[in-house]
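No hydrogens, no waters, no symmetry mates; every other heavy atom, side chains included, goes into these values.
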Amino acid sequence: MISRDLLSALGLRGADLERGDLEVRSPVDGTVLGRVPEHGSGDVEAATARAVTAFEAWREVPAPKRGELV
């Protein structure tokens, strides 16, 4: 599994990648990196809508401020 430090840096808890039906594998050697739950089309549409909303808010932030935050 992925190290806890890396998961924490990405804002994830280890448990977030330990449950689910879909295996996430390394493209380098095929080892299992974690497991994630499968989602339906409604879940994907809702996540996409949230991403669009977040993008629209983010693009209103002036470029110098975005640079500071990134």
Side-chain angles (χ1 to χ4, degrees):
M1 290 288 185
I2 299 174
S3 79
R4 300 278 181 200
D5 292 337
L6 176 58
L7 291 174
S8 179
L10 295 172
L12 299 170
R13 299 177 318 237
D16 292 335
L17 294 176
E18 294 175 357
R19 59 180 178 262
D21 299 328
L22 300 175
E23 289 183 342
V24 178
R25 295 186 169 271
S26 167
V28 176
D29 61 8
T31 58
V32 175
L33 299 175
R35 302 182 72 78
V36 295
E38 194 169 354
H39 295 286
S41 61
D43 298 319
V44 173
E45 288 177 19
T48 302
R50 289 191 306 272
V52 168
T53 300
F55 167 74
E56 289 170 348
W58 181 244
R59 73 178 177 193
E60 296 298 320
V61 176
K65 184 64 175 175
R66 288 194 314 254
E68 289 175 24
L69 295 171
V70 172

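Note: T31 OG1 to R25 CZ = 8.0 Å, rounded to the nearest 0.5 Å.
Considering only heavy atoms from C-beta on, V24 stays 4.5 Å or farther from V32 through its side chain. Side-chain contact between T53 and W58 is absent, with no heavy-atom pair separated by less than 4.5 Å.
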Please report, to 0.1 Å, the donor-acceptor pairs under 3.5 Å made by any side chain of residues 38-52, with sequence neighbours excluded.
unit_1	atom_1	unit_2	atom_2	d
D43	OD2	G40	N	3.1
T48	OG1	V44	O	2.8

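No donor-acceptor pair under 3.5 Å is formed between the side chain of R35 and the backbone N or O of E23.
Listed by chain and residue number, K65 satisfy the salt bridge (charged side-chain N to carboxylate O under 4.0 Å, His left out) test with E68 (two or more places apart in sequence, or in another chain).
Residue L33 is not grouped with residue V28 when hydrophobic side chains (ILVMFWY) are merged at heavy-atom distances under 4.5 angstrom, including chains of intermediate members.
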